[in-house]
Amino acid sequence: MAKKRVKYIFVVGGVMSGVGKGVATSSIALILQSRGHKVTAVKIDPYINLDAGTMNPTEHGEVFVLADGMECDQDMGNYERFLNKDLARTNYMTTGSVYLSVINRERNLGYEGKFVSVVPYIPMEVIHRLEVAAEKNDAEIVITEIGGTAGEYENLLFLETVKMLKIKHPGDVLLVLVSYLPLQGAENELKTKPTQHAVRALNSAGLQPDIIIARASAPIDKKRKEKIAFHCSVSEKDVIAAPDVESIYEIPVNLENDHISDSILKKLHLKPKSKDLVEWRALVDKIHGVSKPVKIGIVGKYFSTGSFILADSYISVIEAVKHAAYANNRKPVIEWLSSEAFEDGSEKIEKLKEYDGIIVPGGFGDRGVEGKIAVAKYCRENKIPYFGLCYGMQLAVVEYARDVLGWKDANTTEVSPKTKHPVIDIMPEQKKNMSEKNYGATMRLGNYPAQIKPGTIAAGAYKEKEVMERHRHRYEVNPEHIEALEKAGLVFSGVSPDRRLMEIMELPPSVHPFFMGTQSHPELISRPLRPHPLFVAFIKAASKQ
Ligand code: GLN
């Protein structure tokens, strides 16, 4: 059988970073999927790190974890949320990982004694990986986001890849530039010059964009479209307006208002097989329809870099709260609470009363830990719905041991290695990794099952006996202390099939309206069209406050 022809779309950013390439990529992928094509999305990150796992969230934003355990860029989370599909490690690569493959192959005589130069061998490896991604995902269209901005040194080899693929498969490769139009001066004029320069940068790499998505604070007018079309040598209908929006979920609808899928399908010689965005438009209507607020506080430490707030560090948590709020017909109102502020007294713990529910998300290390423990205690004692994710679960267990069991020095050994009551302890298989400084991709990562205890809040939410959740941790509830914790009233409502690892803890409804923690990261699999049952249950409890 002849191999089916795969179409390749590349998305590259111009002018500056943070213009929303990831959401643009996700949106195009979703739109083409909704028109009946099999689509998959790939992210290329132009850095040396083999994955995102060793990076600090304040540097890089959230580390997203795939079902197969790949630690990757948060954009992968956007692709999964928009496509409503699990992606695999074939869909993510970094400069470092591409070079490593080429070098390993060279060491194995895989190039048969040839001189292995950067061009063409690095782009060839990238092309090979994109072909594998197409095959593994059974995709007709592979849409690839190239990290960084056109004109910088780091992503040049990936632009070279686009050029080589265009030569290899003429008519099957499309380049989309996501650019930005700044507002200038008192006339409030949207300026197109930076976009023209971005196109020049692509031109000097031997490329010409087929479509330009023009990001701006306001919708761009006909005049601006004409100007971009003229100076950047694209047709006016291929200049797509992407103004700022309240919810990122509106973006696919906006791009379709400018008929982006018609344009893409035509250029790739594909035919639409179905009507676009039917379910998605209903979601957007729902988002616009909700008005009654539910106010959720997220207590963390990864959002301050200088005076900036970096919501990116918890992006999946934020999105999961939104999905669950919409499912409960509520308007999500999310606020940041710094755990450290509860430690140094700059914020009073009573402030938590202002919230309908509190989330303590994942984290590492000792900074801000006592603040999080104080938050768990206050929520437990004052019956404020509490949802702990990974570290947020572990620290709620520490709090329970200290205040209910009376083990004043109870702690996680991540913070206090010598405590007499290590209620959270390093998993045996992780000890070796730590002593050998073997940090990269060695946590307990990706999908693991949990069995759900009947009659619990978790069981009521999941409505399933066994569930699969994604993980990223090295510590666990210490098996030696499980019995004491249970005797003191803590319920372990989700456990690993071998009953060793405590996956979910909760307090019974007779004691607290919603006090739950999960060792896993349910936020990673919440989707706008498939809100996560535990988040839905949490927001439901919060909505009753
Ligand atoms: N630091 C904790 C652990 O390694 C929690 C990790 C997390 O919250 N992702 O187990």
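Note that the structure is predicted; figures quoted are calculated from it, not measured. Indexing begins at 1, ligand by ligand and atom by atom, following the structure's order.
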**Student:** Aromatic ring centroids of F538 and H532 under 6.0 Å?
**Tutor:** no

**Student:** Tell me whether R81 forms a cation-pi arrangement with Y79, defined as NZ or CZ under 6.0 Å from the six-membered ring centre and within 45 degrees of its axis.
**Tutor:** no

**Student:** Does either side chain, that of N438 or that of K432, offer a donor lying less than 3.5 Å from an acceptor on the other one?
**Tutor:** no

**Student:** What protein heavy atom lies closest to atom 8 (O) of ligand 1? Include the residue and the distance to one decimal.
**Tutor:** G363 N, 2.9 Å

**Student:** Which of the atoms in ligand 1, numbered in the order shown and given with their element, are less than 4.0 Å from a heavy-atom of H521?
**Tutor:** 9 (N)

**Student:** Rounded to the nearest 0.5 Å, what separation is found between the OG atom of S543 and the CG atom of D356?
**Tutor:** 7.0 Å

**Student:** G362 heavy atoms, cut-off 4.0 Å: which ligand 1 atoms fall inside?
**Tutor:** 8 (O)

**Student:** Looking only at N/O atoms, are Y391 and ligand 1 under 3.5 Å apart anywhere?
**Tutor:** yes

**Student:** List ligand 1 atoms under 4.0 Å from R474, heavy atoms only on the residue side.
**Tutor:** 3 (C), 4 (O), 10 (O)

**Student:** State the atoms of ligand 1, each with its element, that fall below the 4.0 Å cut-off from a heavy-atom position in R472.
**Tutor:** 6 (C), 7 (C), 9 (N)

**Student:** Taking the six-membered ring for Trp and the single ring otherwise, decide whether the centroids of F364 and H473 are under 6.0 Å apart.
**Tutor:** no

**Student:** Going from OG on S496 to CD on E466, what distance comes out if it is rounded to the nearest 0.5 angstrom?
**Tutor:** 10.0 Å

**Student:** Select one of side chain, backbone, both or neither to describe which atoms of E476 lie under 4.0 Å from any atom of ligand 1, heavy atoms only.
**Tutor:** neither

**Student:** Checking a contact table here: which protein heavy atom is nearest atom 10 (O) of ligand 1, and how many Å away?
**Tutor:** Y475 N, 2.9 Å

**Student:** Backbone, side chain, both or neither: what part of M443 comes under 4.0 angstrom of ligand 1, heavy atoms only?
**Tutor:** neither

**Student:** Considering heavy atoms of the protein only, find what lies nearest to atom 2 (C) of ligand 1 and give residue, atom and distance to 0.1 Å.
**Tutor:** E414 OE1, 3.2 Å

**Student:** Between K85 and V39, is there a donor-acceptor pair closer than 3.5 Å when you use the side chain of the first and the backbone of the second?
**Tutor:** yes

**Student:** Just need the protein heavy atom nearest to atom 7 (C) of ligand 1, so name the residue and atom and give the distance.
**Tutor:** C390 SG, 3.0 Å

**Student:** Looking at Y355, does the NZ or CZ of K295 lie under 6.0 angstrom from its six-membered ring centre and within 45 degrees of the ring axis?
**Tutor:** yes

